Engineer: 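Right, I'll just put the structure down here and ask away after.
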Amino acid sequence: AYLVPAFQGLGAPHWAAEARAAILGLPRAASAADIVAAGLEAVAFQTRDLLDAMRKDMAQSSIPNSASLRVDGGMTANAWFLQRLADILGERVEVACHPETTALGAAFLAGQASGVYGSHDELQRAWVPSRAFEPAMSEAEREARYGGWRDALAKVKSRL
């Protein structure tokens, strides 16, 4: 089952403001847990879509691609989601020690501006994940599931 969470349209990188949410491929025996899993998996698919678009845009720049994704926020409390994110991306997912790092980042920038903290590279070396998730899904399964997501997106967008 695939949930396309276009409750207020689709944002980057799809840009389909008129798209509406849909659940596709839902079997008769589906449970509430299956719908929740499809919703969490949709976040992973959307993350892959956005990272792919960003990497495509950066391909002509000197910014190197990373081999891992660093995450924070409330969803980092869900180990199932984090493992699925690593599986769908096919790369390591590292969880920040602090669940909400936006304020911490602002503090680091202020500290750098006032001379309390050193360079960006120094702060980068100080970052240590609280835990990490390695992809466990086979590439064939990853690409089949992602293909299903792309098909679900196409169906939602074709109704515009």
Side-chain angles (χ1 to χ4, degrees), residues 1-17 19-23 30-58 61 63-139 141-143 145-146 148-150 152-153 156:
Y2 292 90
L3 169 65
V4 180
F7 298 106
Q8 294 184 1
L10 289 169
H14 305 290
W15 303 116
R20 292 297 169 250
I23 300 174
S31 66
D34 294 323
I35 296 171
V36 170
L40 291 171
E41 196 170 51
V43 175
F45 289 132
Q46 289 178 311
T47 301
R48 179 173 169 175
D49 288 344
L50 194 53
L51 286 173
D52 286 351
M54 290 169 57
R55 287 175 175 145
K56 182 180 174 188
D57 288 347
M58 293 185 329
S61 73
I63 300 170
N65 286 337
S66 69
S68 65
L69 177 68
R70 293 178 174 175
V71 297
D72 72 304
M75 289 183 74
T76 61
N78 187 322
W80 185 94
F81 165 71
L82 294 169
Q83 182 59 56
R84 188 49 56 105
L85 181 60
D87 289 340
I88 296 301
L89 296 178
E91 62 190 61
R92 178 182 174 94
V93 172
E94 298 178 345
V95 182
C97 291
H98 305 283
E100 301 296 339
T101 58
T102 303
L104 184 60
F108 283 154
L109 287 173
Q112 278 184 304
S114 64
V116 173
Y117 296 115
S119 69
H120 173 75
D121 290 336
E122 182 181 340
L123 289 174
Q124 182 88 4
R125 287 190 300 274
W127 196 90
V128 177
S130 66
R131 57 194 167 139
F133 294 81
E134 299 290 344
M137 184 182 286
S138 71
E139 184 175 356
E141 182 181 354
R142 172 183 311 116
E143 294 311 313
R145 294 196 64 72
Y146 187 63
W149 164 253
R150 301 293 297 172
L153 273 176
V156 166

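Source: prediction; values computed, not measured. Throughout, residue positions are numbered sequentially from 1 according to the sequence presented.
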Engineer: Could you tell me whether Arg48 sits above the aromatic face of Tyr146, with NZ or CZ closer than 6.0 angstrom to the six-membered ring centre and within 45 degrees of the axis?
Structural biologist: yes
Engineer: What heavy-atom pair brings Ala1 and Glu41 nearest, and what distance separates the two atoms?
Structural biologist: O-OE1, 4.4 Å
Engineer: Tell me if a side-chain donor or acceptor on Ser130 pairs with a main-chain N or O of Val95 at a distance below 3.5 Å.
Structural biologist: yes
Engineer: If you look only at distance, which donor and acceptor atoms sit under 3.5 Å apart when one is on a side chain in residues 69-78 and the other is two or more places apart or in another chain?
Structural biologist:
unit_1: Arg70; atom_1: NE; unit_2: Glu94; atom_2: OE1; d: 3.4
unit_1: Asp72; atom_1: OD2; unit_2: Thr101; atom_2: N; d: 2.9
unit_1: Asp72; atom_1: OD2; unit_2: Thr101; atom_2: OG1; d: 3.0
unit_1: Thr76; atom_1: OG1; unit_2: Gly73; atom_2: O; d: 2.6
unit_1: Asn78; atom_1: OD1; unit_2: Trp80; atom_2: N; d: 3.0
unit_1: Asn78; atom_1: OD1; unit_2: Phe81; atom_2: N; d: 2.9

Engineer: Identify, with sequence neighbours excluded, every residue that meets side chain to side chain donor-acceptor pair (under 3.5 Å) alongside Arg142.
Structural biologist: none
Engineer: Can you list the steps and then say if Arg84 with Arg145 is a side-chain contact (heavy atoms from CB on, under 4.5 Å)?
Structural biologist: CA-CA 11 Å; Arg84 188 49 56 105; Arg145 294 196 64 72; 3.7 Å; yes
Engineer: Between Val156 and Arg20, is the side-chain contact (heavy atoms from CB on, under 4.5 Å) condition met? List the steps.
Structural biologist: CA-CA 7 Å; Val156 166; Arg20 292 297 169 250; 5.9 Å; no
Engineer: Compare every heavy atom of Ala12 with every heavy atom of Leu50, then report the nearest pair and how far apart it is.
Structural biologist: CD1-CB, 3.9 Å
Engineer: Would you say the side chain of Val93 lies within less than 4.5 Å of the side chain of Ser68, judging by non-hydrogen atoms?
Structural biologist: no
Engineer: Kindly assign one of parallel, tilted or perpendicular to the pair Phe45 and Trp149, based on the angle between their ring planes and the thresholds 30° and 60°.
Structural biologist: parallel
Engineer: Could you measure the distance from the CG atom of Leu40 to the CD atom of Gln83? Nearest 0.5 Å is fine.
Structural biologist: 13.5 Å
Engineer: Quick check: do Leu85 and Thr47 have side-chain heavy atoms less than 4.5 Å from each other?
Structural biologist: yes
Engineer: Determine, stepwise, if the pair Asp57 / Met54 fulfils side-chain contact (heavy atoms from CB on, under 4.5 Å).
Structural biologist: CA-CA 5 Å; Asp57 288 347; Met54 290 169 57; 5.7 Å; no
Engineer: Could you pull out all residues at least two apart from Ala30 that satisfy side chain to side chain contact (heavy atoms under 4.5 Å, CB included)?
Structural biologist: Leu26, Pro27, Asp34
Engineer: If you compare all heavy atoms of Pro129 against all heavy atoms of Cys97, which two are closest, and at what distance to 0.1 Å?
Structural biologist: C-SG, 4.1 Å
Engineer: If you compare all heavy atoms of Ser138 against all heavy atoms of Glu141, which two are closest, and at what distance to 0.1 Å?
Structural biologist: OG-N, 3.1 Å
Engineer: Can you find a heavy atom in the side chain of Val4 that is under 4.5 Å from one in the side chain of Leu10?
Structural biologist: yes
Engineer: Taking all atoms of both residues into account, what is the closest heavy-atom pair of Gly90 and Pro135, and its distance?
Structural biologist: C-CG, 3.6 Å
Engineer: Can you check whether Ala136's main-chain N or O pairs, donor with acceptor, with Asp87's side chain at less than 3.5 Å?
Structural biologist: yes
